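Since the model is a prediction, treat every value here as computed from it, not as a measurement. First listed ligand is number 1; within each ligand, the first listed atom is number 1.
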Amino acid sequence: MQNNNIYDFIGVGVGPFNLGLACLTEPIKELNGIFLDQIQEFSWHPGLLIEDATLQIPILADLVTLADPTSPYSFLNYLKEKGDIYRFYIKENLTILRSEYSDYCDWALQKLSTIRLEHRVDEIIYQKNEDCYQVSGQNLKNKQPFKFLTKKLILGTGTQPNMPDFIKQDSDNIQHSAYYLNYKDDFINKKSITIIGSGQSAAEIFYDLLMEIDQHEYALNWITRSPRFYPLEYSKLTLEMTSPDYVDYFFSLPAEKKDTLIQKQDNLYKGINRTLINDIFDLLYRKNLNHSLPVKIITNSALTDVSNLSENLFKLNFQHQELEQNFEVNSEAVILATGYSYHLPKFIEPLRQHLLWDKKDRLDVQRNYSVDQKKNSVFIQNIGLYSHGIATPDLGMSAYRNSYIIREITGKDYYPIEKRIAFQNFFPNEAFK
Ligand SMILES: Cc1cc2nc3c(=O)[nH]c(=O)nc-3n(C[C@H](O)[C@H](O)[C@H](O)COP(=O)(O)OP(=O)(O)OC[C@H]3O[C@@H](n4cnc5c(N)ncnc54)[C@H](O)[C@@H]3O)c2cc1C
């Protein structure tokens, strides 16, 4: 019998993954759930909403379409309601601008009855008597504490910017790429700017600053530890590795093998859009016709330390990985495009005994995305590169994972879950059975 004081589920965090889940659970009337987020309003990675930046996934990978093409929360319905669908059609290019995606997510969020913004979750405890979870925190709007009870949890608190340990400076002039646009107006007035890293964010920022180099006349350095500027691999048979089939395969491998394998797969989920690499080269070429550019692009070089030469000037130490030489660069501004990683939210600590951990003390994510001892009451989004592989952070697999989680929490196939989509076989024994 359902106790009306206990929710069926609570989602913590309303990034695109839990937002997709909210869209897909909204029509399921027998499910009584809510989603909590501390934010005041939705904005998707606001520090990187550079005007011409696009999503790295196609339009079909919106919040819902791959699970339910008839959903009212599709990107196409967003365009239709805004009156922009014909413009999008005439554009004849099915990629979505990142700022457009952010606005689309906000549009969907505004339509949902289950979202509670300005709710920061501080603690979750398991209540054995009731066999449920107590989620508590603060309502940031009225400053009042809240407490909710729920049978299931879906944690979607996302990843956080990585800063190298040796960065001790607390300066506006040395920032993670996640905050680029917050500081761009200051950066462009510096004499020198150095970008570290060679993922998509680093490339977008380099391109953006290169566009404006003649107006502001800064020296621009782009330095990465990687041996080259890898394009994101986007060929179709490789794309089949973001499929339920490959998740099954990757999940079946021994943990040690998975850890080695994922390190070799960077360019399958972290690389730069091939078109952007080409655009960067072409822009360098065009600008260099007029005058020699104050631009240095260097690979193979790991940043090892940053110190202050003065209040406004940093000394950056690098080690070239192949030449085995050290070198220094002085720069007035530093942008660290050093990626993101998962940090266990503090609110999870009281649940530690109740959750599953692997030998490396990481959450032991089960095939059904649960992480609790019972294997069916705490689910997690976007964690488990080490368990489920490269599909984990991919927005294109969000509809699949959300359909799967909905089946796990309801016991019903509300959204059909494809078992196989790939033409290739990842398990040869099955192929030749
Ligand atoms: C610039 C950028 C571009 C990207 N582009 C793509 C792309 O094109 N294609 C692709 O497949 N992937 C892309 N990704 C990767 C990934 O899909 C995104 O990072 C995505 O936003 C992850 O969504 P999420 O739901 O896991 O979490 P997030 O978007 O990080 O959201 C987590 C939410 O949890 C909330 N939260 C955290 N702690 C608490 C708490 N204690 N209480 C309440 N709320 C809390 C936060 O406020 C936040 O709103 C991109 C990543 C970045 C950084």
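- For a threshold of 3.5 Å applied to N or O pairs, the pair formed by V12 and ligand 1 contains no separation below that value.
- The ligand atoms of ligand 1 that sit less than 4.0 angstrom from a heavy atom of I39 are 47 (O).
- Looking at atom 27 (O) of ligand 1, its nearest protein heavy atom turns out to be G158 CA, 3.3 Å.
- Considering backbone and side-chain atoms together, Q38 places an N or O closer than 3.5 Å to an N or O of ligand 1.
- Residues K82 and E100 are not paired through a salt bridge, judged by the lack of any N-O separation under 4.0 Å between the basic side chain and the carboxylate.
- The single protein non-hydrogen atom nearest to atom 41 (N) of ligand 1 is V121 O, 3.0 Å, given as residue, atom name and distance.
- Among all protein heavy atoms, the one lying closest to atom 29 (O) of ligand 1 is P16 CD, 3.3 Å.
- Taking the centre and axis of the six-membered ring of Y234, the NZ or CZ atom of R274 falls outside the cone set by 45° and 6.0 Å.
- Atom 8 (O) of ligand 1 has its closest protein heavy atom at Q56 N, 2.6 Å.
- The closest heavy-atom contact to atom 6 (C) of ligand 1, among the options Y340, Y101, W44, comes from W44.
- Less than 4.0 angstrom separates some heavy atom of D394 from each of these atoms of ligand 1: 11 (O).
- Scanning all protein heavy atoms for the shortest distance to atom 31 (O) of ligand 1 gives G15 CA, 3.3 Å.
- Residue contacts with ligand 1 do not include Q381, since none of its heavy atoms lies under 4.0 Å from the ligand.
- The two residues A333 and K190 come nearest to each other via the heavy atoms CB-CG, 3.9 Å.
- Because its NZ or CZ atom is not both nearer than 6.0 Å to the ring centre of Y404 and within 45° of the ring axis, R401 does not count as a cation-pi partner of that residue.
- Contact atoms of ligand 1 toward R120: 42 (N) (distance under 4.0 Å to a heavy atom of the residue).
- A salt bridge does not link D279 with R286: every distance from a Lys NZ or Arg NE/NH1/NH2 to an Asp or Glu carboxylate oxygen is 4.0 Å or more.
- Nearest heavy-atom pair, Q138 versus D122, reported as atom, atom and distance to 0.1 Å: N-OD2, 3.8 Å.
- Ion pair K359/D259 not flagged as a salt bridge, since none of the NZ, NE, NH1 or NH2 atoms sits closer than 4.0 Å to an Asp/Glu carboxylate oxygen.
- For D208 and Y180, the side-chain atoms include at least one donor-acceptor pair closer than 3.5 Å.
- Just one of Y249, Y369, F250 meets the ring pair (Phe, Tyr, Trp, His ring centres under 6.0 Å) condition when paired with H388; it is Y369.
- For ligand 1, the atoms sitting less than 4.0 Å from at least one non-hydrogen atom of L48 are 1 (C), numbered in the order shown with element in parentheses.
- Inclusion of H45 in the set of residues having an N or O under 3.5 Å from an N or O of ligand 1 is warranted.
- When heavy-atom distances to ligand 1 are checked against a 4.0 Å cut-off, P393 comes that close only through its backbone atoms N, CA, C and O.
- Taking only nitrogen or oxygen atoms, main chain and side chain alike, F17 reaches within less than 3.5 Å of ligand 1.
- Nearest protein heavy-atom contact of atom 38 (N) of ligand 1 is T157 CG2, 3.6 Å.
- Looking from atom 48 (C) of ligand 1 to the surrounding protein, the closest heavy atom is D37 OD2, 3.4 Å.
- A cation-pi arrangement is found for K258 relative to F251, the charged atom lying closer than 6.0 Å to the ring centre and inside a 45° cone about the ring normal.
- Here E349 does not pair with K346 in a salt bridge; the nearest charged N to carboxylate O distance is not below 4.0 Å.
- Here's the thing with N382: one of its N/O atoms is less than 3.5 angstrom from an N/O atom of ligand 1.
- The shortest side-chain heavy-atom distance between D364 and Q366 falls under the 4.5 Å cut-off.
- Residue contact check: F347 has heavy atoms under 4.0 Å from atoms 41 (N) of ligand 1.
- At least one heavy atom of G156 sits closer than 4.0 Å to an atom of ligand 1.
- Using a 4.0 Å cut-off between heavy atoms, H119 contacts ligand 1 through its backbone alone, with no side-chain atom that close.
- In terms of protein heavy atoms, atom 13 (C) of ligand 1 is closest to L395 CD1, 4.2 Å.
- Annotation: the span from F166 atom CZ to K168 atom NZ amounts to 9.5 Å, rounded to 0.5 Å.
- Below 30°, between 30° and 60°, or above 60°: for W222 and F206 the angle between ring planes is below 30°, a parallel geometry.
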